[in-house]
Number of protein chains: 4
Amino acid sequence: MRSENESSGQKTRSFIEEARRSQIVASTVEVLAEAGFAQASLARIAKHAGVSKGVISYHFAGKDELMEEVVERTYAAVVKHVLARMEGVESATELLRTHVLAAAEHMRDHPAQLKALGEILVNLRTADGGLRYGVRTNEEVYRALESIYRLGQETGEFRTFDTRVMAVTHSAAVDDMFAYWTAHPGHDLDAHARELAGILERACAR
Amino acid sequence: MRSENESSGQKTRSFIEEARRSQIVASTVEVLAEAGFAQASLARIAKHAGVSKGVISYHFAGKDELMEEVVERTYAAVVKHVLARMEGVESATELLRTHVLAAAEHMRDHPAQLKALGEILVNLRTADGGLRYGVRTNEEVYRALESIYRLGQETGEFRTFDTRVMAVTHSAAVDDMFAYWTAHPGHDLDAHARELAGILERACAR
Amino acid sequence: MRSENESSGQKTRSFIEEARRSQIVASTVEVLAEAGFAQASLARIAKHAGVSKGVISYHFAGKDELMEEVVERTYAAVVKHVLARMEGVESATELLRTHVLAAAEHMRDHPAQLKALGEILVNLRTADGGLRYGVRTNEEVYRALESIYRLGQETGEFRTFDTRVMAVTHSAAVDDMFAYWTAHPGHDLDAHARELAGILERACAR
Amino acid sequence: MRSENESSGQKTRSFIEEARRSQIVASTVEVLAEAGFAQASLARIAKHAGVSKGVISYHFAGKDELMEEVVERTYAAVVKHVLARMEGVESATELLRTHVLAAAEHMRDHPAQLKALGEILVNLRTADGGLRYGVRTNEEVYRALESIYRLGQETGEFRTFDTRVMAVTHSAAVDDMFAYWTAHPGHDLDAHARELAGILERACAR
DNA sequence: AATGAATGAGCATTCATTCAT
DNA sequence: AATGAATGAATGCTCATTCAT
């Protein structure tokens, strides 16, 4: 009964099934953002979504798959937004600034998603006890950032430095900018992002 | 006949009790570092320590007190080490560099303690559901870093910038340096620290 | 589409859920009667009912709710039976006799229920350490008995006496009649009840 | 190493040991009266007494023996007081009245002891789950009361009635008089006792 | 496609008891 | 004679998961 499409690892899902999955993912994001990972039981998520607990088990192989779906969807949304903003920008300096500002932009508009993402990245573990995500998962981000830094070094905009260290620093600074904003809602996120872009530019400048 | 130390609200503990508390705290740190907060049950901690579950209840009022003890001891150790390294250093630039290097030094020698500390800060919650510590706990760190940055601005070593943003960035960069090193044990932590110090110096420089 | 009954704050329960609740309540009554309050753990009650421990938690918010349900159901049954027997009886003397005999009747048919009720009333405590029910719960009984005694005083059947003392005495005598019968199963409960009714009548007579 | 005195079932105890036992029994009575049987853990009793938990285990074979000692001592005190008051009284009617009033007198002066006694009688169980005391334990009381009632019947003061039923009723009425007073501290215990004596006299009168 | 019911393992905590000192 | 330390069983409760309907 499997369709050919499944060969790519994606199951074919009916419209209604897709809607349910989205609804449950949205509920999960909200519960994670409000109450944190430890309090995000399936019972609580189901209650928040207004469905029975069983429906989650029906649509997801287990809690882990649900959490992974949250990560994938949330992560994809950030990447999509940032890449769209970076489209057409050519100088490394501008790409750097655009990356920071675009990320902040998206954070500002989707705080719950990013709080939820943070909860999962820090807490979700595999059966063997190790973190399911973790710094290793940032590899993709590091590579993308490194390509910007290397571009700048090649064009002569940037001095010579260790691009991996700079990428880790950049990524950390953006993540914590958001965490700080979450903890201090009155904080001016956009101003922080502009200031941070300036810091990174100076750190890279010849 | 009470010693002066007792007047500060600290119960006097027998040598043997102190030893047990230390042993249990050490066990807790290791379990937290290996398996994360959610898996750090009293049963697991006790098993790791080679004692019965009841021993923990006997020596600590509850799990929360145990976790708070871990935070206090671990945090105190970091602060003590970094402050010791900073003693006698006078220029803001040198203080900045020293702070980064000293933090890296301590991380390298006590990776489990810092992993455990992070687990608790992010996960431990009060009865009302709020985080027991949380990003706000970083306030103390931010203040300390800001005082370095302000010193540099006053002495003219540093340009004008938002010291809070710089402190958040600094703190994040140091934390993730450690996380990256934990995930990639072959990574050269000290080189990373020196590179990071350079990045921060350039970001601050006039 | 909600029935009128639901408007009174009672959740609608499915047939199967009601059956389970009844089964668990019945099991609780039996365990309380046999082994007493302190031994009536959820584990023991579940085992007695032949279900898993979780079932109880699923159907009742907690142990307290279960115990309160036992009290409500059991108490309602006694009151219903005694009131039914008293219906239509008019003279105070006859009401007095009927009350004693009807209580004994019900005791004889539902000894476990009454034992269980007693266990809960005397032992169940609120979070603050006070008795959840306690002697004060008898107030309702005392009031009902006093109304009989006052009626007799008004009609001239009874002499003047302190109706509260008489009600407390009456209630105690009925309770211990049951306790004595429980401890001495060969004892003739109905004869005891008739004798007790005679004692109370003489005590009240002009 | 057993002394001859032990043959009577009583161990010889040093003065100091006796003092400790008394101190612990007194603490137990107070804790039982304040917090009830379920809350009367050895830890709480020891804390109340200002001694370590181990000392209780040292002086008593176990919690049960401690509770039994409380019952014995408390019970002996009541009996002693009531018998003293009854000494020299000759008519059954007077003995009856004296018994009720003397019990109330003692209750009034030792409320904690009697609250504690009640807690134990109702809650303490043997290993097989049955009540350690219970109505059966009242047998001694019933016999004593019956002897009064029979005396009255023989002297012609009292009518013919079932002395056992009367004894159970009498005992119950006295016990609940105290329970009512415990629950309603403002209640006039002595007035209640006089009223109850009147009730019993009328119930017995020819 | 969805549900309500049930399970059983795991949780933190309490407690009577034991024992070396 | 007394203690502090330790034990391990038991308690009420939570939760992800399973399953018949």
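Computed from heavy atoms alone, side chains included, the values below leave out hydrogens, waters and symmetry copies. These figures come from a predicted structure and were not determined experimentally. Chain A is the first sequence line, chain B the second, and so forth, proteins listed ahead of strands; every chain is numbered from 1.
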Check your understanding: What one-letter contact string describes nucleotides 16-21 of chain E from 5' to 3', where B marks a base within less than 4.0 Å of any protein heavy atom, S marks contact via sugar-phosphate atoms alone, and - marks no contact?
Key -> BBB---
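Protein atom CZ of R20(A) is 11 Å distant from nucleotide atom C1' of dT3(E), rounded to whole Å. As rounded to whole Å, 23 Å separates atom P of dT3(F) from atom CZ of F15(B). Rounded to whole Å, the distance from CZ on F60(D) to C1' on dA2(F) is 15 Å. The separation between E65(A) atom CD and dA16(F) atom C1' is 15 Å, rounded to whole Å. A straight line from CD of Q23(D) to P of dA1(F) spans 15 Å, rounded to a whole angstrom. Note: CD1 (I56(B)) to P (dT7(F)) measures 10 Å, nearest angstrom. Rounded to an integer number of Å, the gap from CZ of R21(D) to P of dA1(F) is 13 Å. Atom CZ in F37(B) sits about 13 Å away from atom C1' in dC11(E), given to the nearest Å.
Here E30(D) contributes atom CD and Q113(D) contributes atom CD; the two are 9.5 Å apart, rounded to the nearest 0.5 Å. The distance from atom NZ of K53(D) to atom CD1 of I45(D), rounded to the nearest 0.5 Å, is 11.5 Å.
Remark on DNA chain F: of its neighbouring residues R44(C) and G50(B), the 5'-side contact belongs to G50(B), judged by nearest-heavy-atom nucleotide. The nearest heavy atom of DNA chain F to A38(C) and to Q39(A) marks one nucleotide each, and the one closer to the 5' end goes with A38(C).
The listed nucleotides are dT3(E), dG4(F), dA5(E); the one nearest the side chain of S52(D) is dG4(F).
R132(C) places no side-chain N or O within 3.5 Å of a backbone atom of I120(C) that could act as its donor or acceptor partner. No donor-acceptor distance shorter than 3.5 angstrom exists from the side chain of S27(C) to the backbone of Q23(C), with no hydrogens or angles considered. A side-chain donor-acceptor contact under 3.5 Å links E65(A) to the backbone of A61(A). In terms of modelled atom types and a separation under 3.5 Å, the side chain of E69(C) and the main chain of V25(C) share no donor-acceptor contact. For E119(B) (side chain) and G36(B) (main-chain N/O), no donor-acceptor pair under 3.5 Å exists by modelled atom type.
Considering every non-hydrogen atom in both K115(D) and A33(D), the closest pair reads CG-CA, 3.7 Å.
A sub-4.0 Å separation between OP1 or OP2 of dG4(F) and a side-chain N or O of H59(B) is absent.
Using a 4.5 Å heavy-atom cutoff, the side chains of M67(B) and T28(B) are in contact.
In DNA chain E, stems built from 3 or more consecutive Watson-Crick or G-U wobble pairs, each with both distances under 3.5 Å, span E:2-21 with F:2-21.
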